[in-house]
Undergrad: 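Here it is: the structure, laid out below.
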Amino acid sequence: MKRVLLISNVPQPYRVPLFNEIDRQLKERGDELKVVFAAAGYSRRKFKLDFSEMKFAYEILKSKKMSFDNQEKTMFTYRGINRVISDYKPDRIIVAGYSLATIKIYLRSFFQKIEYIIWSESIDSPGRLDSSFRLFERKLLVRRASAFIASGLKAKEYLVSLGAPAERVFIGIDTVDTIFFSEETNKIRAALAKPEKMRLIYFGYLVPRKNVAKLIEIIEQLSLTRKDFVLDILGDGNERSALEKQVAEKKLNDVVKFHGFIQKEELPKYLAQSCCFLFQTDFDVWGMVLNEAMAAGLPVLSSINAAATFDLTIEGETGFAVDYNNKEDVIKKINFLLDNPERAAEMGKKSQQFIEEKVNIKVSADGFIQSLI
């Protein structure tokens, strides 16, 4: 029997099904899994988590949190991680990213035989300004790792650029509970009457990095030529009041509707009445909302600034990869979907089928298991 220790930051609803599946597959092999979280959570995360859904063994450390000027960045000390390693005596350690936990394991590896695997979502992107020290540090961590798990193609490219052997980088694709979004949305959609207006949807955190103001500018321009649609914005964040003010000043209150933060269980009713997901972001190492929208059967206009776009969007079939700076092109594609509802629905079905077959929890877990061999 081999013992696998998986180290992550905080418990998150979309990770629980993945960890459950990894645990199931390991048990089938006669191995065991323990997941260690740095902390129970942090304030900007508004999701609710049912800990009873966590079927795997886990421990939550009492880490200190270190916040920076950027409210989206929180570091944890992983206090107690060395004690956990000494007690559990794992044969393999999977550690998320290039955190303090990874650094502690790297240093420990000089004094104890440890095989650690880096699980990384980091990507290279235009405008990324990694300091020389940061790059040097990451290359050192990569050098002693035995294998790697990348969240997608862009994450794999970044790992290879740091010196990871391509043949030792396995794709554990970022995903969600696709069955939930597929089944629940289909069930609600089947019972819906035809809406008075077609509904577009954006959902995600309303923070500067997402730059939803850019999307609102596009909707303003689109509203000058047609009045048969509404954009629903789901989410919360420190940009929400500024975005609401922007909508009010542009007199778009009849076109753009804010709904606040919506828990996972409530999302399908909004997705079911939507005809397209507009995924604007200026930067995302992945973009889990794209998985959710596609699993729910929506065609997507997905930003080229999200890594998920390159793994999930099949041009002209599941949707389109777009640059939201090119407003004319985005408007053209929105008009195409609004003017061709049957084609949009067909693309949505292909989105759902692609996610169900290629980006499900089992496929993701397989990448983790392969890295252990």
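Every value quoted in this text rests on a predicted model; they were computed, and no experiment measured them. Just so it is clear, the values below take in all heavy atoms, side chains as well, and ignore hydrogens, waters and symmetry mates.
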Undergrad: So, K187 and E183, do they make that salt bridge, N to O below 4.0 Å?
TA: no

Undergrad: Going by ring-ring contact (aromatic ring centres under 6.0 Å, His included), name the pairs with one or both residues in residues 334-373, residues two or more places apart or in two chains.
TA: W119-F368

Undergrad: Does the pair D284/R209 count as a salt bridge with the N-to-O cut at 4.0 Å?
TA: yes

Undergrad: Distance-only criterion, 3.5 Å: show the donor-acceptor pairs between side-chain atoms of residues 265-275 and protein atoms not counting sequence neighbours.
TA:
unit_1	atom_1	unit_2	atom_2	d
E266	OE1	K269	NZ	3.3
S274	OG	Y270	O	2.8

Undergrad: If you measure from the Lys or Arg side-chain nitrogens to the Asp or Glu carboxylate oxygens, is any gap between K349 and E346 under 4.0 Å?
TA: no

Undergrad: Could you identify which residues cluster with L192, counting Ile, Leu, Val, Met, Phe, Trp and Tyr as linked when any side-chain heavy atoms lie under 4.5 Å apart, either directly or through a chain of such contacts?
TA: I188

Undergrad: Members other than I179 in its cluster, when Ile, Leu, Val, Met, Phe, Trp, Tyr link by side-chain heavy atoms under 4.5 Å?
TA: none

Undergrad: For residues 167-176, which side-chain N or O atoms pair as donor and acceptor with protein atoms under 3.5 Å away, sequence neighbours left out?
TA:
unit_1	atom_1	unit_2	atom_2	d
R168	NE	S146	O	3.3
D174	OD1	R15	NH1	3.0
T175	OG1	V359	O	2.5

Undergrad: In plain terms, say whether D366 and K362 are close enough for a salt bridge, that is, a side-chain N and a carboxylate O under 4.0 Å apart.
TA: yes

Undergrad: Identify each donor-acceptor pair in which a side-chain atom of residues 250-259 lies under 3.5 Å from a protein atom, sequence neighbours left out, and give them as a table.
TA:
unit_1	atom_1	unit_2	atom_2	d
K250	NZ	E220	OE1	3.1
K257	NZ	N253	O	3.0
H259	NE2	D232	OD1	2.8

Undergrad: For the pair E217 and K214, find out whether any cationic side-chain nitrogen is under 4.0 Å from an anionic carboxylate oxygen.
TA: no

Undergrad: Using only heavy-atom distances, determine whether the side chains of Y158 and R138 contain a donor-acceptor pair under 3.5 Å.
TA: yes

